Amino acid sequence: MSFARVYSAQVNLLSGQIVTIEVDLSKGLHTFNIVGLPDKAVDESKDRVSSAIKNSGFKSPKAKNQKIIVSLSPADLKKEGPFFDLAIALAYMLACEDLKFNSEKKIFLGELGLDGTLRRIRGALPLVMEAKKAGYEEVYLPKENAVEAALVEGIKIFGAETLEEVVGHISEKKGPSLKGSQRTALGDGLILVQSKTQIVYKKESRGSDFSDVKGQEGAKRGLEIAAAGGHNIAMYGPPGTGKTMLARAFSQLLPDLKLDEVLEITGIHSVAGATRGELISSPPFRSPHHTSSYVSIIGGGTYPKPGEVTLAHKGVLFLDEFPEFEKKVIESLRQPLEDNIVSISRAKGTATFPSNFILVAAMNPCPCGNATSKQRVCICRPSDLDRYKRKLSGPIMDRIDLWVSVGNVDYKKLGEIGNGETSDRIKYRVTNAREVQKKRFENFKRDIKTNSEMNVKDLSNMVKLDEKTRQLLDDSAERLALSARAYHRVIKIARTIADLENSLEINSNHILEAIQYRPKVTS
């Protein structure tokens, strides 16, 4: 036999793509070529594969006078990464009859070390999901990825540590017929099927609890509303008043993730290489530095990759020192904040990534931070203040639902004994409010889960205001010169406040509280 076909897969954006590995052997001087748009990592696999085969007890391809051609199809798809090492090795061994097995309905994934060990790959979860969707029945991959891959039901997962183990399991020559080092450590050559992974919800501690922050009751209330309705929030005030502590404690207020959300988020982080095989069972919290580039925040590259806005999907994106980010980065948040997706177009392709996160922004009132302080003098020049204010445009300010002041705390309060309200207690109210919203939207045509996701048409159908409350809102909007977007966001916030109080109707108090969270000046 001089031809063999084996199946593998690679990550394509945030999903998997099945790749067919074909090997053809012919007589002649030794050459080893890989075709099908391979990148450098794929092209170098011929050296890894040759050494891994030799060190697993088989004859090295370099020791045989053969022309080896490895074809990766579809041929027009760029092949990236070390996903195909295991499949190429098995296809070669099958073609030269060092191994005999049925390759149908099987997917092989994994990077090979020179000694034949299998090393962890990224994106195992979406790859296995694609394999199941395509009708494959078995997946062989590195043992480090087995727990993540076993989240998918209805497909057998085999986690192996070496090429030798995989050969021993799939070979039709079992036990004694495999001589010497060709026999696996298990003796009979069998790898046990990975048991279904059970999701364990762990409480993520980020070093802060709401009870640790003294005072700042207004900010805590604003953060509770933001968590309950999925609203974006900005906190502004002098340095050292607790903005960062509050932001880090905020993610603990969000409800536990559902199974489909765990799968989606774990898949995204796995593709991005942001995990070490562990599950993401709590809402992600991303806090990039203000010197982060546009591509790292939004995503991009020659072949589009997800950025921080996608890694924060279903969680929190915390941008500390918000005005210090590049203006290009700040303005690029317009689409993800409005549509909960980000579309990236490049010469090599276009990608749309999910980005349904809660933005928590923190900022000082001026570059030196002392503009509103009664104890310290602001040393900023007028030009510095103008530049600082211009960093936040009207459209960005409109897209942030709640603006809360985090002022200096009285020193006497800092020394008070006794804890304030804990994050768990606030989370209980947030979870109840989310349940109210879930019931409201369960028979809705669009798939939305929180008040912040409602559009203008949804508001007109789902939220009714009586004549008195509507008049109050209209008068306030005219006095504050609210934009149409800000007007509708006030209604969403009021609906969330009413949900926290288990109120079926929005009344004047809810509107008044919602209006106070708008910025004092809107461009």
Side-chain angles (χ1 to χ4, degrees), residues 218-219 221-235 253-255 333-340 356-361 394-405 429-430 432-523:
R221 171 63 173 173
L223 288 167
E224 179 181 344
I225 295 170
H231 303 289
N232 304 309
I233 183 170
M235 297 179 288
L253 305 184
L254 301 181
L333 293 172
R334 292 188 187 191
Q335 185 189 22
L337 290 180
E338 187 72 20
D339 303 328
N340 296 331
N356 187 4
F357 58 87
I358 298 176
L359 173 67
V360 178
I396 287 295
M397 295 180 72
D398 259 359
R399 284 168 168 81
I400 298 177
D401 302 328
L402 299 103
W403 292 76
V404 296
S405 174
R429 295 197 296 268
V430 168
N432 287 342
R434 288 284 186 105
E435 286 298 318
V436 171
Q437 294 167 63
K438 180 181 176 182
K439 291 179 181 178
R440 178 183 301 126
F441 300 130
E442 61 185 358
N443 295 322
F444 203 54
K445 294 180 181 179
R446 294 198 313 118
D447 181 24
I448 56 177
K449 294 180 173 59
T450 61
N451 291 329
S452 65
E453 297 175 52
M454 289 190 289
N455 58 30
V456 176
K457 185 176 180 180
D458 301 333
L459 282 174
S460 62
N461 293 332
M462 305 292 292
V463 181
K464 304 297 182 183
L465 301 178
D466 60 42
E467 186 176 346
K468 179 183 176 182
T469 305
R470 176 70 69 177
Q471 186 62 47
L472 173 64
L473 174 60
D474 292 345
D475 292 344
S476 301
E478 185 175 358
R479 186 167 60 253
L480 297 174
L482 297 182
S483 68
R485 181 187 291 111
Y487 179 91
H488 292 121
R489 286 180 183 261
V490 167
I491 300 176
K492 295 179 189 180
I493 297 168
R495 180 64 267 174
T496 300
I497 295 170
D499 291 338
L500 282 167
E501 296 179 1
N502 288 317
S503 173
L504 295 176
E505 304 295 332
I506 296 176
N507 59 41
S508 299
N509 291 334
H510 301 146
I511 292 291
L512 290 173
E513 183 178 359
I515 288 174
Q516 76 174 8
Y517 293 117
R518 296 306 305 167
K520 297 297 183 289
V521 177
T522 304
S523 302

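Numbers for residues simply follow the sequence, beginning at 1. The figures here come from the full heavy-atom set of this structure, side chains too, leaving out hydrogens, waters and symmetry mates. Fair warning: this is a prediction, and the values are worked out from it, not measured in the lab.
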CG-CZ distance between Leu333 and Phe357, expressed to the nearest 0.5 angstrom: 6.0 Å
In terms of side-chain geometry, is the basic nitrogen of Arg334 or Asp339 positioned less than 4.0 Å from the acidic oxygen of its partner? no
Tightest non-hydrogen contact, residues Ala226 and Ile358, listed as O-CD1, 3.9 Å
Can you name the closest pair of heavy atoms from Gly222 and Val404 and give their distance? CA-CG1, 4.2 Å
Sorted by first residue and then second, give each salt bridge (Lys or Arg N to Asp or Glu O under 4.0 Å) pair with at least one member in residues 454-477; sequence neighbours left out. Arg446-Asp458
Tell me, please, which residues at least two apart from Ala361 pass side-chain contact (heavy atoms from CB on, under 4.5 Å). Ala234, Phe322
Do Arg440 side-chain atoms and Val436 backbone N/O form a donor-acceptor pair below 3.5 Å? no
List the steps and the verdict of side-chain contact (heavy atoms from CB on, under 4.5 Å) for Leu482 and Arg518. CA-CA 9 Å; Leu482 297 182; Arg518 296 306 305 167; 4.3 Å; yes
For residues Met454 and Ile491, determine if any side-chain heavy atom of one lies less than 4.5 Å from a side-chain heavy atom of the other. no
Closest approach of Ala477 to Tyr487 (non-hydrogen atoms, all atoms of both residues): CB-CD1, 3.6 Å
Would you say the side chain of Arg495 lies within less than 4.5 Å of the side chain of Leu459, judging by non-hydrogen atoms? no
To the nearest 0.5 angstrom, please state how far the OG1 atom of Thr469 sits from the CG atom of Asn507. 6.5 Å
Indicate whether the side chain of His231 and that of Thr496 have a donor and an acceptor atom separated by less than 3.5 Å. yes
Closest heavy-atom contact between Ala228 and Leu500? CB-CD2, 3.8 Å
Is the closest side-chain heavy-atom distance between Ile225 and Arg221 below 4.5 Å? yes
Heavy-atom closest pair (Ala514 atom, Ile497 atom, distance to 0.1 Å) is N-CD1, 3.9 Å
May I ask you to decide if Gly229's main-chain N or O and Asn451's side chain share a donor-acceptor pair within less than 3.5 Å? no
Report, as yes or no, whether the 6.0 Å neighbourhood of atom CD on Glu505 holds more than 12 heavy atoms from other residues, nucleotides or ligands. no
Atom CD1 in Ile493, atom CD1 in Ile506: separation rounded to 0.5 Å? 11.0 Å
Non-hydrogen side-chain atoms of Lys492 and Asp401 separated by less than 4.5 Å: no
To the nearest 0.5 Å, how far apart are CD1 in Ile233 and CD in Glu224? 11.0 Å
Rounded to the nearest 0.5 Å, what's the gap from CG on Asn455 to CG on Asn461? Could you check? 9.0 Å
Residues that Thr450 engages under side-chain contact (heavy atoms from CB on, under 4.5 Å), provided they are two or more places apart: Arg434, Gln437, Ser452, Glu453
Taking every heavy atom of Asn232 against every heavy atom of Arg489, the minimum-distance pair comes out as ND2-NH1, 4.4 Å
Distance col, row Ser460:OG vs His488:NE2, nearest 0.5 angstrom, shows 8.0 Å
